[in-house]
Peer 1: 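One structure follows; several queries about it will come next.
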Amino acid sequence: MPITRNRRRGAALLARGVGVGIGIVADRIIGDPQRNHPVALFGSAADVLEKRIWADSVPRGALYTLCCLAPLAALGAGLERATSGRPVLKALATATTTWAVVGAASLAREGDTMAESLSSGDLDGARDQLSHLCGRDPESLDEPELARATVESMAENTADAAVASVVWGAVAGIPGMLVHRGANTLDAMVGHHNERFEHFGKASAHLDDLLDLLPARITGTLAGLLAPIVGGDRRRALSVMARDHAHHPSPNGGWCESAWAGALGVTLGGRNLYYGNRYEDRPLLGDGPRPDASKVHDAATLVLAVSAAAGVLGAGALATAGHLRFYGGIIPRRRKGDS
């Protein structure tokens with residue numbers, strides 16, 4: 001069977017699918033390294049650059065975003081080029097990248113740790129734990145509010161730290177995954193409504209929103225469909241998401257948080273307290289009581305389920321596309337003049 005251009009492209013898609021699947025499994029089994037995590041190293045470099053380049057200016061912030069992400073795009077493109085025509089190496093490179101950018105296992109683990117602290121009545125430990133999940137000020141939060149903040153953070157971060165990586169890996173390969181994870185990291189660092197970053201962080205925040213438009217909607221839909229895994233009702237979860245997602249100030253966060261609220265049968269939203277005596281009042285999402293420790297644990301279970309489902313769908317779609325491209329159809333056949 002001659003190796004034509006279509007077959008090379010098909011093999012590359014299949015290798016990408018295999019790599020994404022292996023990377024998702026590796027995240028679940030191996031988890032994140034405790035030291036020198038690639039995302040943390042990127043964040044440290046971006047922090048150094050921010051301190052040197054900062055100005056209270058949207059154009060300066062856009063330049064900062066470009067300077068941080070261009071090397072990631074170049075690195076990803078270089079890896080794609082270096083593994084071109086080498087399916088095994090491409091699969092390994094994609095798997096390594098997927099493992100590096102996906103953080104579903106760590107996210108779920110942080111949620112389970114919070115659930116254990118809340119269930120044991122260790123509110124001081126729970127307040128310390130919240131800093132691992134979001135930037136809210138935990139000092140005045142009681143158990144229901146700590147649980148709510150945790151569920152909301154896990155829901156939104158499932159899209160950011162897992163599903164989006166699969167989506168962009170499927171669409172754009174290694175460069176897509178690296179650029180998305182870089183943009184998401186920059187948003188977490190400078191995409192804040194405060195005196196220093198209101199203008200400087202605008203480009204990073206808007207880019208992150210743009211890159212997460214599709215992944216957030218996929219995340220919410222998968223959470224609704226998988227609601228029975230945590231004792232929820234699939235129809236109710238999807239109904240709550242359809243009804244409440246637009247109540248959230250974020251164009252993406254509402255899809256995830258309302259889906260988790262519907263799947264868990266709880267109410268999210270309300271007043272969020274941040275450091276610097278800043279607060280934000282958000283509409284309520286879902287119906288039912290505020291979440292408790294058991295619901296936090298269920299939310300963590302949903303993180304893993306949604307991430308795994310996204311991985312299966314992404315890898316499956318790539319493998320199918322690769323098969324069709326390689327063989328020219330479902331059933332392998334030779335095509336005269338295939339090129």
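None of the values given here were measured: they were computed from a predicted structure.
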Peer 1: Looking at H192, I'd like to know if its NE2 atom is crowded, meaning that more than 12 non-hydrogen atoms belonging to other residues, nucleotides or ligands lie closer than 6.0 Å.
Peer 2: yes

Peer 1: What residue pairs, at least two apart or across chains, pass ring pair (Phe, Tyr, Trp, His ring centres under 6.0 Å) with a residue in residues 61-119?
Peer 2: Y64-F200

Peer 1: Does a salt bridge link R290 with D142, judged by any charged N lying under 4.0 Å from a carboxylate O?
Peer 2: no

Peer 1: Show the nearest heavy-atom pair for residues R234 and L225, with the distance to one decimal.
Peer 2: NE-O, 2.7 Å

Peer 1: Within a strict 4.5 Å, meaning less than it, do heavy atoms of the S57 and H199 side chains meet?
Peer 2: no

Peer 1: Evaluate the side-chain proximity of C68 to L49: yes if any heavy-atom separation is below 4.5 Å, no if none is.
Peer 2: yes

Peer 1: Quick check: are there more than 12 heavy atoms from other residues, nucleotides or ligands sitting under 6.0 Å from CZ of R196?
Peer 2: yes

Peer 1: Quick check on R86: does its CZ atom have over 12 non-hydrogen neighbours (other residues, nucleotides or ligands) under 6.0 Å away?
Peer 2: no

Peer 1: Can you tell me if R28 has over 12 outside heavy atoms packed within less than 6.0 Å of its CZ?
Peer 2: no

Peer 1: Taking NZ, NE, NH1 and NH2 as the nitrogens, is one of them in R127 or D124 under 4.0 Å from a carboxylate oxygen of the other?
Peer 2: yes

Peer 1: Could you tell me whether E152 and R136 have a side-chain N and a carboxylate O separated by less than 4.0 Å?
Peer 2: yes

Peer 1: I'd like to know whether NE2 of H37 has more than 12 heavy-atom contacts from other residues, nucleotides or ligands below 6.0 angstrom.
Peer 2: yes

Peer 1: Report the residues that fulfil side chain to side chain contact (heavy atoms under 4.5 Å, CB included) with L92, sequence neighbours left out, ordered by chain and then residue number.
Peer 2: V88

